[in-house]
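Structure first, commentary second.
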Amino acid sequence: MTIRYYDTKSGDKIPLSPLEEGHVRLYVCGITAYDFCHIGHARSALVFDMIVSYLRHRGYRVTYVRNFTDIDDKIIKRAQEQNTTPEKLAKRFIGEFYTDMELLGVAPPDIEPKATEHIPEIIALIRTLVDKGLAYAVDHDVYFRVDRFPGYGSLSGRNLEELQAGARISVDERKENPMDFALWKGSKPGEPAWDSPWGPGRPGWHIECSAMSHKYLGDTFDIHGGGKDLVFPHHENEVAQSVGATGGGFARSWIHHGFVTIRDEKMSKSLGNFLTIREALAKYHPEALRLFVYSTHYRTPLDYSEANMREATAGLDRLYDGLAEIAQLPAAGAEGGAPLAGKKDREPVEFLAARFEEAMDNDFNTAQALGHLFEAMKAMNRLRQKLPARPAAADLALLRRGADDVRRFANIMGLLREDPVTYNQEKRAKVLAEEGIGAAEIERLIGERLAARNEKNWARADEIRNELLARRIELHDTPAGTTWKVKAD
RNA sequence: GGCGGCGUAGCCAAGUGGCUAAGGCAGCGGUCUGCAAAACCGUUAUUCACCAGUUCAAAUCUGGUCGCCGCCUCCA
């Protein structure tokens, strides 16, 4: 099976066929560092984390580049507001970004270039464009000349006439065409500036990605990614700059992911309806956020809500509980004992690898892949439930193999990375702290309830049980005695 | 106004021409239990916004209608 994925440029699912056999070169637009990251940024990082991880699982070598835009109008503005320098502000929020990524368990890309560390490359690229007649200087600014670039609009499916007709931007009289965009901006006093042939200034928004992708991945590379909102103008302009400079080469295909919405509206800073990554993680387990993100296909809008996060948490608990139960099975079974597992129990486990990969090969369909993981866990729970005290060795082997597979495939999405016992202990500690109750107190109440039950004082026994339940402590009466567990919410 | 996407059970969400429309959450019935809970079993869409068409066959393709969303300005 080959991996197929939706390519924005062709508007179709295309087979993965890297320029260099077995080696995928990927460039993703990272953040502009001027504020804390929100759930939308988390989705971006998680989507590409999953894609890279899956490609590697499938045996590809991946060179993953994700940049930081650390000089830009928004950074300058915010720095002024906060009485700091753009350098310090960007540095601070790059640090905060790393903290968030670590909390989410997102592996760092291979290369993380910053715009400010590539000014010579940027200037060289602009110079090439000027020399080729694709750019022109006005005062201390340099603009890209869209009229000279025939393919302008091809990525986003627009043309210049439409764009100009619908333009809402105020026209800068100095531009030859209203759609011309800045490659270099001359700086005003007090703004960060680098020397250039056009005077002191800074790069325009799009040019850094063209310069950095070229430096680390070459003229032509396999996949360029980012959020859907970057298709126009950011990626369209990158195409113009890069293809204009190289004479043809640039990203061979494009992956764009959908937004995170809140009450079905795009989460954005201007609407003020955003939630930061750390606000979400203060409430939910990082893997719950991952499960939430991956339960929807990456191109579909994803609506964030407390209910959806609770649901994701419940699903994650289910998987961890299943793994914990299997881990507690007897080490050795009855050799040669008649296995209880029927076809219905075995198939979801035995075919998990094939089904998982089939789903993921089809445009990284994590939602479907997760369905297969849950199906396998359900089958294993079913089998486990009916095992005798001394189960057949074949049944134990099936369960252990299934648990390993579930964990291995979930790991590709960054899920089930913790030991199930640790996961439950952490959750237990969190809930006990929130409820202000200790294990000793719970044990004491269980003892008191046991006494009441022995006297058939059901009213008192139920009262204790309900009191604990109100504090999110669930009692389980088993033949071996009463155990307890915390509830997520 | 231009361009693009979406509308599948109470909710979330796969499926994009043909086996019984995945999976999760919630609900209901059952096993278990003193009663529960947990777990498991069973069950919950003759139907995929609506209308018309293409086809032996459509949730899946085509046209239209309605509704929602995004991009066109900084945005993951």
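Computed from a predicted structure; not experimentally measured. So that the names make sense, note that chain A is the first sequence line, chain B the second, and so on, each numbered from 1.
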(request) Can you tell me the pairing partner of B:rC11 across any strand shown, Watson-Crick or G-U wobble, with both distances under 3.5 angstrom? (result) B:rG24
(request) Evaluate the ring planes of A:H235 and A:W254, with Trp represented by its six-membered ring, and classify them as parallel (under 30°), tilted (30 to 60°) or perpendicular (over 60°). (result) tilted
(message) Taking any heavy-atom pair under 4.0 Å as a contact, classify A:D462: base, sugar-phosphate, or nothing.
(response) base
(message) Taking only the C1' atom of each, what is the distance from B:rU43 to B:rC50 in whole angstrom?
(response) 30 Å
(message) Considering every strand and a 4.0 Å limit on heavy-atom distances, what is the contact class for A:D303: base, sugar-phosphate, or nothing?
(response) nothing
(request) Using modelled atom types only, decide if a donor and an acceptor are shared between the side chain of A:R449 and the backbone of A:A461 within a distance under 3.5 Å. (result) yes
(message) Please report the distance separating the C1' of B:rU47 from the corresponding atom of B:rA22, rounded so that it comes out in whole Å.
(response) 16 Å
(request) Check every strand shown and say whether A:R384 touches a base, only sugar-phosphate, or nothing at a heavy-atom separation below 4.0 Å. (result) sugar-phosphate
(request) Identify, between A:A459 and A:H372, the residue whose nearest nucleotide on RNA chain B lies closer to the 5' end. (result) A:H372
(message) Angle between ring planes, A:H206 versus A:F181, binned at 30° and 60°: parallel, tilted or perpendicular?
(response) perpendicular
(message) At 4.0 Å (heavy atoms only), tell me whether A:L475 reaches a base, stays on the sugar-phosphate, or touches nothing.
(response) base
(request) Using only heavy-atom distances, decide whether a donor-acceptor pair under 3.5 angstrom links the side-chain of A:Q385 to the base of B:rA39. (result) yes
(request) Provide the distance between the two C1' atoms, one in B:rU8 and one in B:rA13, to the nearest whole Å. (result) 9 Å
(message) Under a 3.5 Å cut-off for both contacts, is B:rC61 paired Watson-Crick or G-U wobble with anything, and if yes, with which nucleotide?
(response) B:rG53
(request) Tell which nucleotide pairs with B:rG29, taking only Watson-Crick or G-U wobble pairs whose two distances are both under 3.5 angstrom. (result) B:rC41
(message) Does this structure show an ion pair linking A:R384 with A:D395, if we count only N-O contacts that are shorter than 4.0 Å?
(response) no
(request) Determine the Euclidean distance between corresponding P atoms of B:rA38 and B:rC28; express it in Å to zero decimal places. (result) 11 Å
(message) Tell me if the side-chain of A:N365 makes a donor-acceptor pair with the base of B:rG15, cut-off 3.5 Å, by modelled atom types.
(response) no
(request) Write down the partner of B:rC6 under the Watson-Crick or G-U wobble criteria, each distance required to be under 3.5 Å. (result) B:rG67
(request) For this output row, return yes or no: ring centroids of A:H224 and A:Y27 closer than 6.0 angstrom. (result) yes
(message) Assuming nearest nucleotide by heavy-atom distance, tell me which of A:T300 and A:L383 is located more 5' along RNA chain B.
(response) A:T300
(message) Suppose we call a contact any N or O donor and acceptor under 3.5 Å apart; does that hold for the side chain of A:R43 and the base of B:rA76?
(response) no
(message) Counting distance alone, no hydrogens or angles: does the base of B:rG24 have a donor or acceptor under 3.5 Å from a partner atom on the side chain of A:R318?
(response) no
(request) Classify the nucleic acid contact of A:K77 as base, sugar-phosphate or nothing, counting any heavy atom under 4.0 Å across all strands shown. (result) nothing
